[in-house]
Colleague: 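A single structure is presented below for examination.
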Amino acid sequence: MLDHSDPRRLKNRTMKKNRASLFQPPAKAPTGIAGLDENLRGGLARGRTTLLAGGPGSGKSLLALQTLVYGARHLNEPGIFVTFEESSQRVIMNASKFGWDLTSLQRKNLFFLDAQPTADLIQSGAFDLDGLLAALTAKVAEMGAKRLVFDAIDVVLSLLGDAKAERREIYKLHEWLLTHELTAIITAKEDANDPGHLGFMQFMVDCAMTLNHDIVQGVSQRNLRVLKYRGSSFEENESPFVIGDQGLEVAGSRFTGESRILASNERVASGVARLDTMLGGGYYRNSSVLITGFPGTAKSTLCGAFAEAACRRGERTLFVTFDSDANEVIRNLASVNIRLQRFIKSGSLFTKSARAINGSAEIHLMRIKKLVREHHVRCLVIDPVSALAKDGNLGTAHSVAERLIDWVKTEGITLVCTSLLDNKNLTEMEGTPLQISTIADTWIHLNYLVCAGERNRGLSIIKSRGTQHSNQVRELVLSEAGVTLADAYMAGGEVLMGTLRWEKERAERQARRAAEVATHLQRIKAENDEAEIKAQIRSLQHDLEVKREERNALEAAAATRSEEMSRDRTLLRGLRKADGSSLKK
Amino acid sequence: MSERPTHKFRLYVAGDSPNSVQAMTNLKVFCRKHLPDQHEIEFVDVIREPRQALSERVFLTPTLIKLSPGPMRRIVGTLKDSGALREILGLPPGLEV
């Protein structure tokens, strides 16, 4: 019995060699689907088999084909796609919308094998898959194939008729795949009535995943779960995925993202100068800002101000609106002097109207990510982010919002988003439907303060991580000139806003004016006095001059008189011929 | 007897695997019994001739292809009951002779 030339013994030996390598951690074969590779910590097990189970239309064939296409195009790993159910033309047609250009790949690196049983097939007695394996052996050698997909294996297994034959053929397939060191995906339909029928395959393979597709309150939700992965860690939670316009997109786990977050000290302007002051210089770059408030509290206006400031700095900005059309938002913002139209024209502002009805939270996240990457966006506005949590999305919206915030950080993007508070949230005034407030870095709350028959907008900063922010409530004032914050006056423990604030301000202005006038008058009076005194000085000086002249004149007259008298005496003596001595006596 | 048409068969086998060996035996026995001197059988071993299996899309072994007379028909399996053979040959399901 144990003939050494027995081919089965030979096979066993090659198998043993392969088994030995099972004790080392498997090398990875990337699928090219970013989120999935994160969840699989690098990719599928290279040279091993992965079982991909799921209901009809869950995306099994697509995921398998996308993996082949990625290997064929980017890793120069030729692949073979064996179809047991659909014709290869159908598979190619279904994939045509993803722009994978299968025809160019088919020339060299991609081969489709139609192995579906023909409709008129007559069966008589037992059979096996040796023919398939023989044909594939030849093809693998010819192409140097490294990847292989058996799509819808359940179809051919059901023909085999009995469980024993099914097992035998599956083990044979698996051994063949291992021997040829092919990175393989076997897809199989999950039977809701018989969940155990894939059990033995799940034990056999090194990696197993399931895909499911549910409709939750009318919204499509797709999820992927890795059940096992021998020798590797993996994301154990369900990961949502969508079928986008370039194929499958899987929401990656946060595993690889965390270390890449860069905490920046740089500040970016909020677009409202006094708000920047309140925040100690503006928002942090790479941070996420949440603005909450009731309808009409000017949440969008603050978003617009941020977007305008970003565009002025020349940073590319994406403005996503959910509840109203982006064009309307742009028009409305122009009424408070936030003019964004010019930045759309200049190509620094991109808008996207994403009404909340057309897709799940996941799909929105994918679309936003795609736009951000396409346009190399640095600042992102989502108004309102709470729209993600519309009906049917409550379960996923929180995780989507959380991943959104994580993701923008790793991308170095500054995010400003709004969250609507409605009557349902009234009881928990300062909580948000998505609990984003706990993960956002800065939380600004806007509300109405009603006082003296008026409704005015109040702004307060509830939290701002890492900043010495102001604790004061300010009044947000919108006008044609723009957005400003006004000081809120305190009077008898009440914050004064609107007209009351204006009256208070006017009273202060008037008092200031009166004081100014009084000072002015006093100065004028002093000047007058001074001038008067100066005039008096001038007049007295004049009198003094006159007196001096008078005195001089008197003195001159006196001198003249004495001179005349002495001259007269000399003249008289001369006339008398008298001598001087007698005259002297 | 020579005016009766010759039946041409092609039987794909996979080496000497049990199913293939059984199919060969069953086919030979059937032909000897029901089509004496009116049959030609071509055996193709998919392990030696994988290209032919590929081009004729034979992946399940053993596979019998009836080439003539009439339209081509296929039977997959060991041919353990002659009913399937009778059906593709258009023979009456009559009693075993």
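As the structure is a computational prediction, the values presented were derived from the model and not from experiment. So that the names make sense, note that chain A is the first sequence line, chain B the second, and so on, each numbered from 1.
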Colleague: Of the backbone (N, CA, C, O) and the side chain (C-beta and beyond), which part of Leu133(A) lies under 4.5 Å from a heavy atom of chain B, both, or neither?
Modeller: neither
Colleague: Determine the minimum heavy-atom distance between Leu113(A) and Phe59(B), stating which atoms define it.
Modeller: CD1-CZ, 3.4 Å
Colleague: Does Asp16(B), at its CG atom, have more than 12 non-hydrogen atoms belonging to other residues, nucleotides or ligands within less than 6.0 Å?
Modeller: no
Colleague: Does any heavy atom of chain B fall under 4.5 Å from the side chain of Glu142(A), the backbone, both, or neither of them?
Modeller: side chain
Colleague: Stepwise, does the side chain to side chain contact (heavy atoms under 4.5 Å, CB included) test hold for Ser17(B) with Asp128(A)?
Modeller: CA-CA 9 Å; Ser17(B) 75; Asp128(A) 48 58; 3.9 Å; yes
Colleague: Are more than 12 heavy atoms from other residues, nucleotides or ligands located less than 6.0 Å from atom NZ of Lys60(A)?
Modeller: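 Correct, the count exceeds 12.
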Colleague: At a heavy-atom distance under 4.5 Å, which candidate from Leu79(B), Val58(B), Ile88(B) has the highest pair count against chain A?
Modeller: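 Top count of heavy-atom pairs under 4.5 Å with chain A: Leu79(B).
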Colleague: Taking atom types as modelled, find out whether Thr61(B) and Asp130(A) have a side-chain donor-acceptor pair closer than 3.5 angstrom.
Modeller: no
Colleague: With rounding to the nearest 0.5 Å, note down the distance linking CZ in Phe127(A) to CG in Leu60(B).
Modeller: 5.0 Å
Colleague: When heavy-atom pairs shorter than 4.5 Å are enumerated against chain A, which of Leu64(B), Val46(B), Thr78(B) gives the highest number?
Modeller: Thr78(B)
Colleague: Which of the residues Leu159(A), Ile122(A), Leu129(A), Thr137(A) is involved in the greatest number of heavy-atom pairs with chain B at under 4.5 angstrom?
Modeller: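 Going by pairs under 4.5 Å, I would pick Ile122(A).
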Colleague: Under 4.5 Å from any heavy atom of chain A, what part of Arg73(B) do you find: side chain, backbone, both or neither?
Modeller: side chain
Colleague: Please classify the contact between Val156(A) and chain B as side chain, backbone, both or neither, with a heavy-atom cut-off of under 4.5 Å.
Modeller: side chain
Colleague: Below 4.5 Å, heavy atoms only, C-beta onward: do Leu121(A) and Arg74(B) meet side chain to side chain?
Modeller: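 Counting from C-beta outward, Leu121(A) and Arg74(B) never come under 4.5 Å.
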Colleague: Ala135(A) and Leu54(B): which non-hydrogen atoms are nearest, and at how many Å?
Modeller: CB-CD1, 3.6 Å
Colleague: What residue in Asp81(B), Thr63(B), Asn26(B), Ile47(B) has the most heavy-atom pairs under 4.5 Å with chain A?
Modeller: Asp81(B)
Colleague: So which heavy atom on Lys80(B) is nearest to which on Ser124(A), and how close?
Modeller: N-OG, 3.4 Å
Colleague: Does the side chain of Ile75(B) reach to within under 4.5 Å of the side chain of Gln123(A), using non-hydrogen atoms?
Modeller: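 Ile75(B) vs Gln123(A): side chains apart.
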Colleague: Using non-hydrogen atoms only, which part of Glu49(B) is less than 4.5 Å away from chain A: side chain, backbone, both, or neither?
Modeller: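 Neither the backbone nor the side chain of Glu49(B) comes within 4.5 Å of chain A.
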Colleague: Should the heavy atoms of other residues, nucleotides or ligands under 6.0 Å from CG of Asp37(B) be counted, would the total exceed 12?
Modeller: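 For Asp37(B), atom CG is not crowded (no more than 12 foreign heavy atoms under 6.0 Å).
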